[in-house]
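Atoms within each ligand, like the ligands themselves, are counted from 1 in listed order.
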Amino acid sequence: MKAKIYRGTKEIGGTCVELTADNGKILWVDLGAPLDDKNPNISYTDNKVDALLISHPHQDHFGLMEKVGTDVPIFIGEVALDFINATKLFINEPQLKGNYKTIKPWQTFTICDTFVVKSFLTDHSTPEAFAFLIEADGKKVYYSCDFRATGRKKIVYDKIVASPPKDIDLFLIEGTMVERANHIYLTEESVEEGIFQVIKNQRNVSFVISSAQNIDRLISIIRACKKTGKKVVIDVYTAWLLEMLHKQSSNVPTMDWGEIKVFEHPSQMERIAEKSFDDFRARIKVNSVGNAVFNVPSDFIYFVRNPSMKLVNELRKHGKINIIYSQWEGYLKEEHKQYFTDNINALKQDKDISYHSIHTSGHATVPDLMKFAKAINSSKIVPIHTAFPKKFKIEFEKEGFANIALWDDGKEYKI
Ligand SMILES: [Zn+2]
Ligand SMILES: [Zn+2]
């Protein structure tokens, strides 16, 4: 078997790994969209491929997957497929069409009669993310996916460390955090506590800014609300994501929970106007926040991408409004305007706003990466999904790892 990383040896974004078996069969693992590059070279997406395996529904891992066309089999988690279709529904794009084969956690399956794959659930900032053990030609590759050891699913990190797959020849491990650190909030529980401290005595409404797909974060808010008797207000899109997740595991919250209310965003309601959504729409009506926020604004926490200025302006007379920024600080930079950078930075300066930054990363810290790498005990470790591979190598070698190899994008290596 041979391996090639099309993108990702020196950047976060556009992750795509190619594995070629001795019989010529070609498997791609992830086909992500580049994150920063305005005019990225993605000509490799036209190359021959026999199957595609997607780790999780983040743009930098699946963003270009439709480029393989509708015939190539795409192996993807059930929740991932539902989440991507949910996003398409609410941005008014057609649902995915293609040769999708859905997979579950801890499932072993064969691709192209050649690659034997096992999916490992990982702890990440989306509810379903898979690492993969891929075997062919007597060789074993472990692809870490994005992961951490500090979220609500840290048990799966511990589980893999306690009984890791054996005899790995190549370990492709993410290295996002090599130049980053969690400073104040080290775990998802500490984020929950931080949010609790801000909202417990609030005089006015709070907004928590995060990704709707970061269900761990939503659960942190729900738990903080439970302790304070307050309610979290989600939009229709988030309510739909919870529906999708609830199909897979019944202990996931839904909008019917007492701590949850739904904001009937008019353009989102238009997206679910069809008859097939009748039941969902009816339940939204039952769980709608309505005008309650105007009566007692301090009872509510809005979970949003971008706080509504209309709501902020209507409520500012009640006292300080909390803005809790709960995602990566890097998104506040000029080049990430799609994250509503301008509005959020303006709110930061607003005299009626009390601004808080409460976040922990979806990615493993360097010590957690090392602990994991020790457990996997691969003959060779290649960092991927990192902007600082050299630093990765130096840090790991300092701790006694002698098997770190740095690869170049687009170059093929024999395993
Ligand atoms: Zn990623
Ligand atoms: Zn991710």
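For D158 and K154, the salt-bridge test fails: no basic side-chain N is under 4.0 Å from an acidic carboxylate O. Between R281 and D278 there is a salt bridge, since at least one side-chain N of the basic residue sits less than 4.0 Å from a carboxylate O of the acidic one.
Among protein atoms, those of element N, O or S found less than 2.8 Å away from the Zn ion (ligand 2) are H56 NE2, H58 ND1, H124 NE2, D146 OD2.
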Exercise for review: Could you walk me through whether F392 and I394 pass the side chain to side chain contact (heavy atoms under 4.5 Å, CB included) test, one step at a time?
Suggested key: CA-CA 6 Å; F392 182 104; I394 291 166; over 6 Å; no
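Scanning for ring pair (Phe, Tyr, Trp, His ring centres under 6.0 Å) contacts around H265 gives F263, with sequence neighbours left out. F388 meets the ring pair (Phe, Tyr, Trp, His ring centres under 6.0 Å) test with no other residue; sequence neighbours excluded. Listed by chain and residue number, K10, K411, Y413 satisfy the side-chain contact (heavy atoms from CB on, under 4.5 Å) test with D408 (two or more places apart in sequence, or in another chain).
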